[in-house]
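Convention: sequence-line order gives letters A, B, ...; per-chain numbering from 1.
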Amino acid sequence: MSTIKLTVNGKAVSAEVEDRTLLVHLLRETLNLTGTHVGCDTSQCGTCVVHIDGKAVKSCTVLAGQAAGSNVTTIEGISKGDELHPMQAAFRDNHGLQCGYCTPGMIMSSIDIVNRYGGKLDEETVRHELEGNICRCTGYHNIVKSVLDAAGRMKVAQAAE
Amino acid sequence: MYETTYHRPSSVDEAAALFAKGKEAKYLAGGHTLLPVMKQRLASPSDVIDLGKIKDLVGIEMSGDALTIKAATTYFDILQSADAKKAIPAIVHLTSVLGDPQVRYRGTIGGSIANNDPAADFPAAVLALGATVKTNKRSIAGDGFFKGLFSTALEDGEIITAISFPIPARAGYSKMRHPASRFALTGVFVVKTKAGDVRVAATGASQNGVMRVPAVEAALKANWSAGALDNVTISTDGLLADIHGSSAYRANLIKVMAQRAVTAAG
């Protein structure tokens, strides 16, 4: 057992977990942040994507200990109270989800994509960059639309700040 | 996953000392091979020693004739490196077609070559460019580093600290990606050295892991062009055959990927 100290969604957290604990299980089972999902458990599907120090990573393939001292952001940490993050709002407005299982990972990956590309995003780039996230419902079409829509909204939001 | 003890040393010496103390210790860099293998219970290390937070193992340096990438540098950092883009753009291209964005944030060059997966990309770059693998004990020539499937010249507990790539006159990499795993069904790295030698390495194709391809090297040495390979036949001896492709399919892929790599190299 080890004591893991990290920041999750802006709050300092300390948890006593076995060394073999994966970050996704620390989040879901110890911290009850069940918005982050486990899909394939083999770092293929991307439902478990969270941000560690601003970078989108697959939390099923990171030990909790590796994340100690880091800033972790999950799907629960991106809205401002009742105000959805622009990426969440774009997914809702563009019907970017059906069953919703992949959605938290899609959104966390997509925020990272917009952060990296800013206004230079086009459809081809979004499709290529989303290759680490699998959706079994939508055929990706509305997901891609959502990300492009959100890229515009996030630019506007950044300009306003 | 079986129980284990996690360590996060801050220096290479501390990591090596922890390894020596462990009963059956394993080093972890990005963890994107070791952790999946541990989850499948195919590995059960007593101790997991994280090299990813050792500052001396991260960074990219360019000297006059070599690009040196420290072992725990992530693929993402390689993609961001202006030095890498300038010195050996083929390495940056190889990195961009490896895994997916999330994997590229975590995976490291040292982890890739220490694992020596027979379908991994970086072993092809190390072998074709004739890189030198630097460890905490010695320097190992790329030609002698890879020893077959998942085997390398590394001794028990030895830590790769950096990989030094001589800057070539031309280099290119082309890969047929497996669409699900994104590993190389076959990938070929072609190099023309500044001395005029031609070195070609293929990954994903051989039962023994990464290999040189003498037939392609000879043809390209005589005439550095994609067309020079039109009449080259690659032997199927020792090539992989599985549900994804027969050995004849892979033999043809070696040729086609080599042609594309030459075209990309210019």
Side-chain angles (χ1 to χ4, degrees), chain A residues 1-6 17-26 38 40-70 105-106 108-117 125-134, chain B residues 1-10 18 22 25-54 72 74-77 79-80 96-108 111 177-183:
Chain A
M1 300 289 276
S2 296
T3 305
I4 308 282
K5 291 189 169 136
L6 70 170
V17 293
E18 287 186 356
D19 283 20
R20 62 177 162 177
T21 305
L22 295 165
L23 176 59
V24 70
H25 294 137
L26 170 75
V38 179
C40 67
D41 200 28
T42 58
S43 59
Q44 307 278 331
C45 80
T47 63
C48 65
V49 171
V50 301
H51 293 187
I52 299 182
D53 296 329
K55 292 174 175 170
V57 303
K58 293 179 171 174
S59 63
C60 78
T61 310
V62 177
L63 290 171
Q66 287 177 280
S70 301
M106 284 285 177
M108 298 312 286
S109 294
S110 300
I111 293 172
D112 179 74
I113 294 168
V114 175
N115 286 344
R116 276 185 288 127
Y117 284 87
T125 307
V126 173
R127 287 186 183 273
H128 180 66
E129 286 286 338
L130 278 178
E131 67 181 338
N133 292 79
I134 294 172
Chain B
M1 197 186 292
Y2 292 110
E3 279 186 49
T4 189
T5 302
Y6 172 81
H7 306 270
R8 190 197 278 185
S10 53
L18 285 165
K26 279 262 187 205
Y27 293 122
L28 173 138
H32 275 47
T33 297
L34 180 60
L35 293 175
V37 170
M38 286 172 69
K39 287 201 243 178
Q40 291 173 309
R41 297 191 169 181
L42 294 172
S44 51
S46 58
D47 299 81
V48 169
I49 300 161
D50 188 353
L51 304 175
K53 299 288 197 302
I54 299 176
T74 64
Y75 302 133
F76 177 74
D77 287 341
L79 287 173
Q80 301 298 307
S96 75
V97 293
L98 183 169
D100 58 40
Q102 295 90 354
V103 170
R104 292 194 286 268
Y105 271 135
R106 303 293 298 181
T108 69
R177 294 176 102 193
H178 185 281
S181 73
R182 304 174 189 91
F183 274 96

Enquirer: Side chain, backbone, both or neither: which part of A/Ile52 has a non-hydrogen atom closer than 4.5 Å to chain B?
Expert: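 The answer is the side chain of A/Ile52.
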Enquirer: Can you tell me which portion of A/Asp41 sits under 4.5 Å from chain B's heavy atoms? Options are side chain, backbone, both or neither.
Expert: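 Interface part for A/Asp41: both.
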Enquirer: Atom CZ of B/Arg104 and atom NZ of A/Lys55: how far apart are they, to the nearest 0.5 Å?
Expert: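 If I round to the nearest 0.5 Å, the distance is 13.5 Å.
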Enquirer: Measuring from atom OG1 of B/Thr4 to atom CG of A/Leu63, what distance do you get when rounded to the nearest 0.5 angstrom?
Expert: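 One finds 8.0 Å between OG1 of B/Thr4 and CG of A/Leu63.
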Enquirer: Quick one: CG on B/Asp100 to OG on A/Ser43, what's the gap to the nearest 0.5 Å?
Expert: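 Separation between the atoms: 7.5 Å.
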Enquirer: Could you give me the CA-CA distance, side-chain angles and deciding distance for B/Lys39 and A/Thr42, then say whether side chain to side chain contact (heavy atoms under 4.5 Å, CB included) is met?
Expert: CA-CA 9 Å; B/Lys39 287 201 243 178; A/Thr42 58; over 6 Å; no
Enquirer: Which atoms form the tightest heavy-atom contact between B/Gly31 and A/Thr61, and what is the distance?
Expert: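 Heavy atoms of B/Gly31 and A/Thr61 come nearest at O-CG2, 3.7 Å.
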Enquirer: What's the spacing between B/Thr5 OG1 and A/Glu18 CD if we round to 0.5 Å?
Expert: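 Result: 10.5 Å between the selected atoms.
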Enquirer: A/Gly132 and B/Gln102: which non-hydrogen atoms are nearest, and at how many Å?
Expert: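 Nearest pair, atom of A/Gly132 first, then B/Gln102: CA-OE1, 3.7 Å.
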Enquirer: Nearest 0.5 Å, please: how far is NZ in B/Lys53 from CD in A/Gln66?
Expert: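 So the CD of A/Gln66 and the NZ of B/Lys53 are separated by 6.0 Å.
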Enquirer: What residue, out of B/Met38, B/Gln40, B/Arg177, B/His7, has the most heavy-atom pairs lying under 4.5 Å from chain A?
Expert: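 Most heavy-atom pairs within the cutoff with chain A belong to B/Arg177.
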Enquirer: Between B/Leu34 and chain A, with a heavy-atom cut-off of 4.5 Å, which part of the residue counts as in contact: side chain, backbone, both or neither?
Expert: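 Contact with chain A is absent: no heavy atom of B/Leu34 under 4.5 Å.
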Enquirer: Among the options A/Leu130, A/Val49, A/Asp112, pick out the one with the most heavy-atom pairs lying under 4.5 Å from chain B.
Expert: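 Sorted descending by pairs with chain B, the first entry is A/Asp112.
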Enquirer: Do A/Asp19 and B/Val48 have side-chain heavy atoms sitting under 4.5 Å apart?
Expert: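 A/Asp19 does not reach B/Val48 side chain to side chain.
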Enquirer: Given that the side chain runs from C-beta out, which part of A/Val57 has a heavy atom under 4.5 Å from chain B: side chain, backbone, both or neither?
Expert: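 Looking at A/Val57, backbone and side chain both touch chain B.
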Enquirer: With only heavy atoms counted, which part of A/Ile113 is less than 4.5 Å from chain B, the side chain, the backbone, both or neither?
Expert: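 Neither part; nothing is under 4.5 Å.
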Enquirer: Considering all heavy atoms of both residues, which atom of A/Glu131 and which atom of B/Pro101 are nearest to each other, and what is their separation?
Expert: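 Here A/Glu131 and B/Pro101 meet closest at CG-CD, 4.1 Å.
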Enquirer: Distance from B/His32 atom NE2 to A/Lys58 atom NZ, nearest 0.5 Å?
Expert: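 One finds 7.0 Å between NE2 of B/His32 and NZ of A/Lys58.
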